[in-house]
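Comments concern the structure below.
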Amino acid sequence: YQPANGNAATDDDRIVAFEQAIENGAKIVVAAGFMQANALYGNADLGITGVAEKYPDVKFVFVDGWALGLENVTAIVFKEEQSGYLAGYAAVMEGYTKLGFAGGGGGTNPACQRFGYGYIQGANDAAKELGITVDMKYSWLHGAAFSASPELQTMLEGWYSTGTEIVFACGGSMCTSAFAAASANNGKVIGVDVDQSAESPTVITSAMKGLREGTIFALEKFYGGNWADIADKSANLGAKDEAVGLPTEEASWGFKKFTVEEYNTLFKALQDGTVKVDANVEGAESKTYSNVKLDWVK
């Protein structure tokens, strides 16, 4: 939800948007993004009554969220580690050997953590196949608010100017700083969540998750009369569900060496379990990787 005045949405704004939809007859409402949590579930410390509790007969789909004991809410989460893996693997196979990762949420956001850890694993596996070692700068600095900032742009410009070739910008409007830094230094960017190729010519690919697929999954349960299957539960969707991946349309495919055919082969290996990606992010930054030299920028 974006207020008409152009300011960032507040919890009150989100509640107003929910209630308008319900007053207009909505029986199911899709709430996309973890920042919907207070409006959806409420927050006693902030004096907020959540709309899900206030309207028990309305169903809510909390995309990128979590289940918290309400039968009229279901959560959709994604295996971001798989999407990050695909991006890291593709980047190294394309020939990039100096990579970067700039993540949002200050290192505490689970989705960004999974994206980043998968990115390392994908780069490591590709480098192992090629018999090389790649460098990766990895940081949560200047991304706690998921926003662009002069500090973030300055940090990334420093990375690019000292040899980093491509940065995975993982965190909301942080990408704006990455685009500017890359443009100024002939660098490349990996987008996140959706296909961001139209937002900047610096974007070579995007580590996507299927917001559309997740929404369809929940709506099919609702309209098929099977809401009970997902009530107060989290569905974790990944490659098997066609809910993560890189964009393969010609206009979005920025690789010249790594082909769509090679990508499709890798994707099928993820689907059938031949390739496995670890989702346990605990200690990811402090681990030793066989073919990635990780420089954790604090």
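Values reported hereafter were calculated over all heavy atoms of this structure, with side chains retained and with hydrogens, waters and symmetry mates removed.
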Looking at Glu199 and Cys175, what are the two nearest heavy atoms and their distance?
OE1-SG, 4.2 Å
For Asn186, I'd like to know if atom CG has over 12 heavy atoms of other residues, nucleotides or ligands within 6.0 Å.
no
Donor-acceptor pair, Thr97 side chain versus Val134 backbone, under 3.5 Å?
no
Tell me whether Val167 shares a hydrophobic cluster with Leu99, the cluster being built from Ile, Leu, Val, Met, Phe, Trp, Tyr side chains joined at under 4.5 Å.
no
Close side-chain approach of Asp193 and Lys209, heavy atoms under 4.5 Å:
yes
Here the gap from Lys256 atom NZ to Thr259 atom OG1, rounded to the nearest 0.5 Å, amounts to 14.0 Å
A side-chain contact here means heavy atoms from C-beta on lying under 4.5 Å apart; do Phe168 and Val192 qualify?
yes
Could you check whether any side-chain heavy atom of Tyr55 comes within less than 4.5 Å of a side-chain heavy atom of Asn72, counting everything from C-beta outward?
no
Just so I know, are the side chains of Phe217 and Val61 near enough to count as touching, which here means a heavy-atom distance under 4.5 Å?
no
Among Val292, Asp278, Ile120, the one residue meeting side chain to side chain contact (heavy atoms under 4.5 Å, CB included) with Lys287
Asp278
dist Phe146:CZ -> Asn109:CG (nearest 0.5 Å) comes out at 4.0 Å
Tell me whether Tyr119 contacts the main-chain N or O of Gly100 through its side chain, where contact means a donor paired with an acceptor under 3.5 Å.
yes
Going from CD on Gln82 to NZ on Lys276, what distance comes out if it is rounded to the nearest 0.5 angstrom?
10.5 Å
When you measure from the side chain of Ser161 to the backbone N and O of Gly158, does any donor-acceptor pair fall under 3.5 Å?
yes
Would one find more than 12 heavy atoms of other residues, nucleotides or ligands at under 6.0 Å from atom CE of Met155?
yes
Minimal heavy-atom distance between Phe18 and Phe60, with the atoms involved, is CD2-CE2, 4.4 Å
On a heavy-atom basis, which atom in Gly65 and which in Val77 lie closest, and how many Å separate them?
O-CG1, 3.2 Å
Looking only at heavy atoms, what is the nearest atom pair of Leu152 and Ser149, with distance?
N-OG, 3.0 Å
Check for me, please, whether Phe222 and Ile76 land in the same ILVMFWY cluster - side-chain distances under 4.5 Å, paths through other members count.
yes
Would you indicate whether the side-chain heavy atoms of Trp159 and Asn185 approach each other to under 4.5 Å?
no
Leu237 and Gly214 have their tightest heavy-atom pair at CD1-CA, 3.7 Å
Quick one: pull up OG in Ser173 and CZ in Phe179 and give me the separation to the nearest 0.5 Å.
10.5 Å
If every non-hydrogen atom of Phe255 is compared with every non-hydrogen atom of Leu246, which pair is closest and at what distance?
CE1-CD1, 4.5 Å
Would a hydrophobic clustering, with Ile, Leu, Val, Met, Phe, Trp and Tyr connected at side-chain separations under 4.5 Å, put Ile230 with Val29?
no
Mind checking whether Val277 and Val92 sit in one hydrophobic cluster, side chains of I, L, V, M, F, W, Y counted as touching below 4.5 Å?
yes
Joint hydrophobic cluster, Leu86 plus Phe101, side-chain heavy atoms closer than 4.5 Å:
yes
Is the backbone N or O of Tyr85 less than 3.5 Å from a side-chain atom of Gln121, with the two atoms forming a donor-acceptor pair by type?
no
Quick one: are Asp135 and Asp295 in side-chain contact, heavy atoms under 4.5 Å?
no
Side-chain heavy-atom pair Arg14, Met35 within 4.5 angstrom cut-off:
yes
Minimum side-chain heavy-atom gap Glu262-Met93 below 4.5 Å
no
Is the backbone of Lys188 close enough, under 3.5 Å, to the side chain of Tyr160 for a donor and an acceptor to pair up by distance?
yes
Given side-chain hydrogen bond (donor to acceptor under 3.5 Å, both in side chains), test Asp12 with Thr10 step by step and report yes or no.
CA-CA 5 Å; Asp12 287 342; Thr10 66; 5.0 Å; no
Which value, rounded to the nearest 0.5 Å, describes the distance between Glu285 atom CD and Trp140 atom CH2?
6.0 Å
